[in-house]
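Written out below as structure tokens is the structure these notes cover.
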Amino acid sequence: MPELPEVETVRRGLADLIVGKKVEDVSNDNPKSFPNPDEDVKQFLVGATITGVRRRAKVLMIDLSTAYSLMAHLKMTGQLVFVAPGKDRFGAGHPNDSLVGELPDKSTRVVITFNDNSHLYFNDQRKFGWVRLMPTEEIKNTPFMQKVGPEPLEDSFLPGNLVERLSRKKKSNIKAALLDQTVVAGIGNIYADEALWGAKIHPKRLVGSLTKQELTNLYTEIRAVLNLSIQKGGSTNKNYVNAEGKRGSYMDFARVFRREGQSCSRCQSEIQKIRVAGRGTHVCPHCQVL
DNA sequence: CACTTGACCTGTCCGC
DNA sequence: TGCGGACAGGTCAAGT
């Protein structure tokens, strides 16, 4: 999915675009993408005003005036795209920014119509993602929110927190540990590879073998990579777009992800693609030794 | 309990 | 061109 930087970019876009709008109509034809019964949608979403947009880990929460929230998880291919009535969402002069054509399209799972005739589309090619309504106060009690790890970009997240969180995963490889949302929230396949390259740690290294210095470097790299990506509007590999349907540019700055066959910017060795924790994984065999 | 693997879906790309 | 298989940014459940 969309990892932390992508979800945060969508959150910021939606906060600017839909807060204050009133929901007039909702349509969804895929129960898996939006499991709440129609009566809940009518009672708690239709007629509600958007009061805010929050993010925790890779989950978006669109808060409503009804004390309910519309939660969204984009998983691998989800998109939340806002379209204003009559606006050119392709962006004049930047035709390549956009990945989405006319909406709705065949990947559209949910359409929310606001009372000014603007629309919010939830598109999801692979149907892994979902939106669902829940009382705002209950979100923090869900199993996921109870066990998810700390937000890595919060000021309160310190190197010691990473060390402490990793301490119960000593026999796991570091890549799998970084992908585990109960260790730290929001890291996925792209930023795990990028941060490990930055810290010069091989993804197959066991957590228990990492030195304090390596863990400190990893902490620094995680924050640097996530912050840079937010600054670049996230990574568009295939499907990801922001709330205006536009791509992010982090992939232009990626050091290893999807750069197999190219030379490492630090040592000129050829970047390799291997398999770790069941995921395609990118490493510099010279900078990151096992 | 810690850790790994398969399943959930659709689409695309690559080799035969 | 067609077809089968592997793979794709995430997370669970079920397995060892």
Side-chain angles (χ1 to χ4, degrees), chain A residues 1-10 29-35 55-60 71-80 99-101 105-110 122-132 142-149 165-196 203-209 222 225-226 229-230 232-242 247-254 256-261 273-282:
Chain A
M1 120 181 246
E3 308 178 26
L4 187 154
E6 290 75 32
V7 181
E8 177 61 20
T9 301
V10 172
D29 50 8
N30 187 330
K32 194 172 171 286
S33 300
F34 193 174
R55 178 191 61 76
R56 176 76 170 98
K58 302 171 189 173
V59 179
L60 280 168
M71 301 172 68
H73 200 308
L74 304 177
K75 292 287 179 84
M76 302 283 255
T77 56
Q79 306 170 328
L80 275 169
L99 271 182
V100 294
D105 63 23
K106 67 177 177 179
S107 294
T108 300
R109 310 298 170 203
V110 182
F122 175 59
N123 268 27
D124 186 18
Q125 180 183 97
R126 288 171 74 178
K127 300 182 185 173
F128 291 168
W130 45 261
V131 298
R132 71 188 243 222
T142 57
F144 176 83
M145 292 301 177
Q146 288 287 312
K147 68 185 186 211
V148 70
R165 286 257 141 194
L166 283 172
S167 65
R168 62 202 169 81
K169 314 262 329 173
K170 288 192 186 304
K171 299 187 75 173
S172 159
N173 63 60
I174 184 60
K175 168 118 184 203
L178 289 178
L179 295 176
D180 183 341
Q181 300 299 293
T182 70
V183 172
V184 179
I187 299 172
N189 207 35
I190 299 174
Y191 304 107
D193 285 5
E194 292 288 292
L196 288 168
K204 284 186 175 170
R205 289 275 303 283
L206 295 188
V207 171
S209 79
I222 287 169
V225 158
L226 295 177
S229 183
I230 290 173
K232 301 300 177 188
S235 298
T236 296
N237 193 6
K238 277 197 164 162
N239 293 277
Y240 167 72
V241 292
N242 69 13
R247 329 168 53 104
S249 68
Y250 178 85
M251 289 301 282
D252 295 341
F253 302 85
V256 282
F257 192 81
R258 288 254 157 162
R259 293 199 181 276
E260 61 269 31
K273 185 171 181 181
I274 60 177
R275 208 145 185 94
V276 183
R279 314 292 304 274
T281 299
H282 309 77

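The basis for the numbers below is simple: all heavy atoms, side chains too, and nothing from hydrogens, waters or symmetry mates. Letters A, B, ... are given to chains in the order of the sequence lines, protein chains preceding strands, and every chain is numbered from 1.
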Please round to the nearest 0.5 Å and tell me the distance separating atom [atom1] of [X] and atom [atom2] of [Y].
X      : Y      : atom1 : atom2 : value
A/K238 : A/Q125 : NZ    : CD    : 8.0 Å
A/K175 : A/R205 : NZ    : CZ    : 16.0 Å
A/I174 : A/L178 : CD1   : CG    : 4.5 Å

What does [X] touch in the nucleic acid at a heavy-atom separation under 4.0 angstrom: a base, only the sugar-phosphate, or nothing?
X      : result
A/G188 : sugar-phosphate
A/K171 : sugar-phosphate
A/G280 : sugar-phosphate
A/S107 : nothing
A/N237 : base
A/Y191 : nothing

TODO: Test for a donor-acceptor pair under 3.5 Å between the base of C/dA8 and the side chain of A/R126, counting only N and O atoms.
DONE: yes
TODO: Indicate, yes or no, whether a donor-acceptor pair under 3.5 Å links the base of C/dG9 to the side chain of A/N239.
DONE: yes
Whole-angstrom distance between [N] and [M], as gauged at atom [atom1]:
N      : M      : atom1 : value
B/dC9  : C/dG2  : P     : 28 Å
C/dG10 : B/dC1  : P     : 26 Å
C/dG9  : B/dC14 : P     : 16 Å

- [ ] Evaluate whether the aromatic ring of A/F128 and the six-membered ring of the B/dC9 base sit under 5.5 Å apart, centre to centre, with an inclination under 30°.
- [x] no
Check whether any side-chain N or O of [X] sits under 4.0 Å from OP1 or OP2 of [N], and answer yes or no.
X      : N      : value
A/K238 : B/dG11 : no
A/K175 : B/dC3  : no
A/Q181 : C/dT11 : yes
A/R275 : B/dT4  : no

TODO: Take A/R109 and A/A277, find for each the nucleotide of DNA chain B with the closest heavy atom, and name the residue whose nucleotide sits nearer the 5' end.
DONE: A/A277
Task: First encountered from the 5' end of DNA chain B, between A/K106 and A/S172 - done: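 It is A/S172, whose closest nucleotide lies nearer the 5' terminus.
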Identify the two heavy atoms, one from [X] and one from [Y], that lie closest to each other, and give their separation to 0.1 Å.
X      : Y      : value
A/R56  : A/V148 : NH2-CG1, 3.3 Å
A/K273 : A/G280 : CE-CA, 3.9 Å
A/K32  : A/F128 : NZ-CA, 4.2 Å

Distance, rounded to the nearest Å, where [X] contributes [atom1] and [N] contributes [atom2]:
X      : N      : atom1 : atom2 : value
A/D180 : B/dT5  : CG    : C1'   : 15 Å
A/F144 : C/dA13 : CZ    : P     : 13 Å
A/Q125 : C/dC7  : CD    : P     : 18 Å
A/R279 : B/dT4  : CZ    : P     : 14 Å
A/N189 : C/dC7  : CG    : P     : 13 Å
A/E260 : C/dA6  : CD    : C1'   : 14 Å
A/Q79  : B/dG11 : CD    : P     : 13 Å
A/H73  : B/dC8  : NE2   : C1'   : 14 Å

Closest nucleotide among [options] to the [X] side chain:
X      : options               : answer
A/K147 : B/dT10, C/dC12, C/dG9 : C/dC12
A/R168 : B/dA2, B/dC9, C/dG9   : B/dA2
A/N173 : B/dA2, B/dT4, C/dC7   : B/dT4

Open item on the list: When you compare the side chain of A/Y250 with that of A/I230, does any pair of heavy atoms fall below 4.5 Å?
Closed with: no
Task: Identified pairing partner of C/dG5, criterion: Watson-Crick or G-U wobble below 3.5 Å - done: B/dC13
